[in-house]
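Heavy atoms only: backbone and side chains are in, while hydrogens, waters and symmetry mates are out. Quick note on labels: first sequence line is chain A, next is B, and so on, each numbered from 1.
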Protein chains: 2
Amino acid sequence: MAGIKDVAALAGVSISTVSYVMSGKRSIGEATKKRVLEAARQLGYMPNAQARFLRGEPTKVLALSSPLHEYTDYSNYAVFFFSLAMRAKRYGYDILLLMHEYGDQELTRVASSGMVDGILLLDVAMCDARADVAKTLNLPVVAVGYPSNSDGIYSVDLDFERMGREAMERAYALGHRHVLIVGTEGTAYDDGSNYLVRFRDTATKKGDDLGVSVLFKPSTGYSRDDVNLMLDEALSEEPGISLIICQTNAVHITNLLAALQARGLKVPEDVSVLAACTYGLGSLPRRVDEMPMMPKETCSRAVDLMMEVLQSKRNDVGHVELLPSRYQARGTVAAH
Amino acid sequence: MAGIKDVAALAGVSISTVSYVMSGKRSIGEATKKRVLEAARQLGYMPNAQARFLRGEPTKVLALSSPLHEYTDYSNYAVFFFSLAMRAKRYGYDILLLMHEYGDQELTRVASSGMVDGILLLDVAMCDARADVAKTLNLPVVAVGYPSNSDGIYSVDLDFERMGREAMERAYALGHRHVLIVGTEGTAYDDGSNYLVRFRDTATKKGDDLGVSVLFKPSTGYSRDDVNLMLDEALSEEPGISLIICQTNAVHITNLLAALQARGLKVPEDVSVLAACTYGLGSLPRRVDEMPMMPKETCSRAVDLMMEVLQSKRNDVGHVELLPSRYQARGTVAAH
DNA sequence: CTGAAAGCGCTTACAG
DNA sequence: CTGAAAGCGCTTACAG
């Protein structure tokens, strides 16, 4: 690969002149400029980025930390990945994918390597170790998600607590007094998966306040049989359930709808169904009321925020932005 | 961030000694070593990677070039992304995501930046501009896919031509004489999307040889209505169709199966259905015979191959590896 | 067993 | 309008 020295030699100038021609940070005589540009073109010269990075210039790369759990659904990650990557590209930034089980060392490694200008966090836990590590990093860290230890990072997330409250307020207003929350796998909650826990806990608490009983059932599987087993349990514990809030995936909801139909329960006449914290439900046989996740909006805002920090337009670590979810009415939630 | 100088100062040694302690490339006196290690720990010292990259050490990063088209289905990319990333991680490599519409400049940019040790190509077209650019890059390029201009790069792909031939041989052996190939959107073929074209063209040619007529219908949409329109057209052009090969996605196939049922056509009694070049069909209401894509296998092999090249275990640019697909019989293809 | 110094390829004050 | 030189933070021959 041709270096700045080669270009300088071919053009018969000093390397500083070449540098200034390339950067345009100094006015150069027309003739000289022409010769340098021609030499650069001829040699296919491109400035070695490593040398510039060594001098502290931005790498125009953002690390994306995405931990993997057993319950991680790869295809669900895709939306977040692409949303982040597309938005970053707008600003001329590329994404360095960091897939790791426990994020701590990886973050320190990539930060101290100087390979990235900032770090994005995905799949944030309620108390996320990475948010603590962030403080020692002197690189901006923006989380798509809102951990409880959010000082030290910037956080962008949907307002899942508000979502939980609003879901219950709506339920209460419509006369529902017994609600079932169907969750994803229990381990996701145990690991403290952020939005799941926030929504569930706030909804449960709000239910307590309003006098609405909330039964929570994590799933042990997404099959028709799993759903039936879960329904048997739930309905025997609380026969009065009139609203089911699904905090789970399309396959699971599909099987739930089928199971309800098989039991002769009509939606929404006999039982209302609401999906919350979901997205990509387009393949459902029947569209259901939804308080969607809106990953694209959240991710875009996260990247925008990162850029504001990188461009020194703001400097308020610990800042949290919670976006409201827009309720999508589709006729599967009715009064009871 | 603490540098090597800080550590040297704190430990009271020269920077070269610190370097040698960290790298272990020279034996160092026990006492000195201890002091250096302690100083490094105390300062949280990590060698600046940029400085090492500048000296030509491997960055342990692989670029992943994934062009975006209008017809790109993000979620389908996910499998490839994760398969590549997971495999790369095994070797201690991270992935730099390159999303761009036309790959040429981006590849040159990232290659000359010195930020990556090699480049992986995804979504390879029949004649892919990136494969030509690769020759000028002096970085190894491994494609997940097999372009016609494959000298200059390494290629790993499923053997889609063989798949096409085998599909038609099987069809012929089972007595089918009129086959319909249902494709994805036509633009994907026009753009020369590799595997789609290879499979379709080889199947068509093999059909010609065997005396099996092949009708090809790209889709204009995946809905039930789209499918019905397509079926009307196809069956009026060739009423004798007894085998439908689907080179498309799960939603489309689901609607196709439903449309066939609605027409009173039983699978496989009246018409056989085979999915080819597909993956992630788990959500189908009924499992169908399949010649699957096997993205995980292909991606893993691509990364392995990249590593062989990077470790100088091989040096045969232009090398092509075509993996066979394993036919999955599921009772939707029968004799006619 | 350890250190002083060159060099990786740039950018940018400092000079002229 | 242009050049010689310092320096970014390392690694590694070259010396001792």
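- A/G3 comes within 4.0 angstrom of sugar-phosphate atoms only, judged by non-hydrogen atoms across all strands, and of no base.
- A/T17 has a side-chain polar atom (N or O) that falls below the 4.0 Å cut-off from OP1 or OP2 of D/dG3.
- Going from atom NZ of B/K60 over to atom CZ of B/R52 covers 10.5 Å, rounded to the nearest 0.5 Å.
- Distance A/M22 CE to D/dT2 C1': 18 Å, rounded to the nearest Å.
- Between B/E38 and B/R41 there is a salt bridge, since at least one side-chain N of the basic residue sits less than 4.0 Å from a carboxylate O of the acidic one.
- Across all strands shown, B/E57 has heavy atoms under 4.0 Å from sugar-phosphate atoms exclusively, and none from any base.
- Note: CG (B/D6) to C1' (D/dC8) measures 14 Å, nearest angstrom.
- The side chain of A/K25 contributes no N or O atom lying less than 4.0 Å from OP1 or OP2 of C/dT11.
- Around CE of A/M22, the count of heavy atoms belonging to other residues, nucleotides or ligands within 6.0 Å exceeds 12.
- With rounding to whole Å, A/L54 atom CG is found 17 Å from D/dA6 atom P.
- Nucleic acid contact class of B/S16 (heavy atoms, under 4.0 Å, all strands): base.
- Contact annotation for B/G56: no contact, since no heavy-atom pair falls under 4.0 Å across all strands.
- Among the atoms of the strands shown, none is found under 4.0 Å from any heavy atom of A/S23.
- Residue order along DNA chain C, read from the 5' end via each residue's closest nucleotide, puts B/R26 first among B/A51 and B/R26.
- Here the P atom of nucleotide C/dC10 and the CG atom of A/N48 are 5 Å apart, to the nearest Å.
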- Quick one: do A/D151 and A/K135 satisfy salt bridge (charged side-chain N to carboxylate O under 4.0 Å, His left out)? Show the steps, please. CA-CA 8 Å; A/D151 58 316; A/K135 293 179 202 166; 3.2 Å; yes
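- Counting any heavy atom pair closer than 4.0 Å across all strands shown, B/I15 reaches a base atom.
- In this structure, A/I28 places its CD1 atom 13 Å from P of C/dT11, rounding to the nearest Å.
- A/R52 has a side-chain polar atom (N or O) that falls below the 4.0 Å cut-off from OP1 or OP2 of C/dT11.
- Among the heavy atoms of the strands, none lies under 4.0 Å from B/F53.
- Residue B/R55 is in base contact, counting any heavy-atom pair closer than 4.0 Å across all strands shown.
- At whole-Å resolution of the value, CD in B/Q50 and P in C/dT11 are 14 Å apart.
- Rounded to an integer number of Å, the gap from OH of A/Y20 to C1' of D/dG3 is 10 Å.
- In this structure, CD1 of B/I4 is placed 13 Å from P of C/dA4, rounded to the nearest angstrom.
- Here A/S14 does not reach the OP1 or OP2 of D/dT2: none of its side-chain N or O atoms lies under 4.0 Å away.
- For the 3.5 Å distance criterion, the side chains of A/D159 and A/Y146 fail to qualify, holding no donor opposite an acceptor.
- Judged by Watson-Crick or G-U wobble contacts below 3.5 Å, the nucleotide D/dA13 has no partner.
- Regarding contacts with the backbone of C/dC10, every side-chain N or O of A/S19 stays at 4.0 angstrom or more from both OP1 and OP2.
- Heavy-atom distances to DNA chain C give each of B/G12 and A/Y45 a nearest nucleotide, and the one nearer the 5′ end belongs to B/G12.
- In this structure, a donor-acceptor pair under 3.5 Å is absent between the side chains of A/S19 and A/S16.
- One finds a side-chain N or O of A/K5 lying less than 4.0 angstrom from the OP1 or OP2 phosphate oxygen of C/dC8.
- Under the Watson-Crick and G-U wobble criteria, each requiring two contacts below 3.5 Å, nucleotide D/dA4 is left unpaired.
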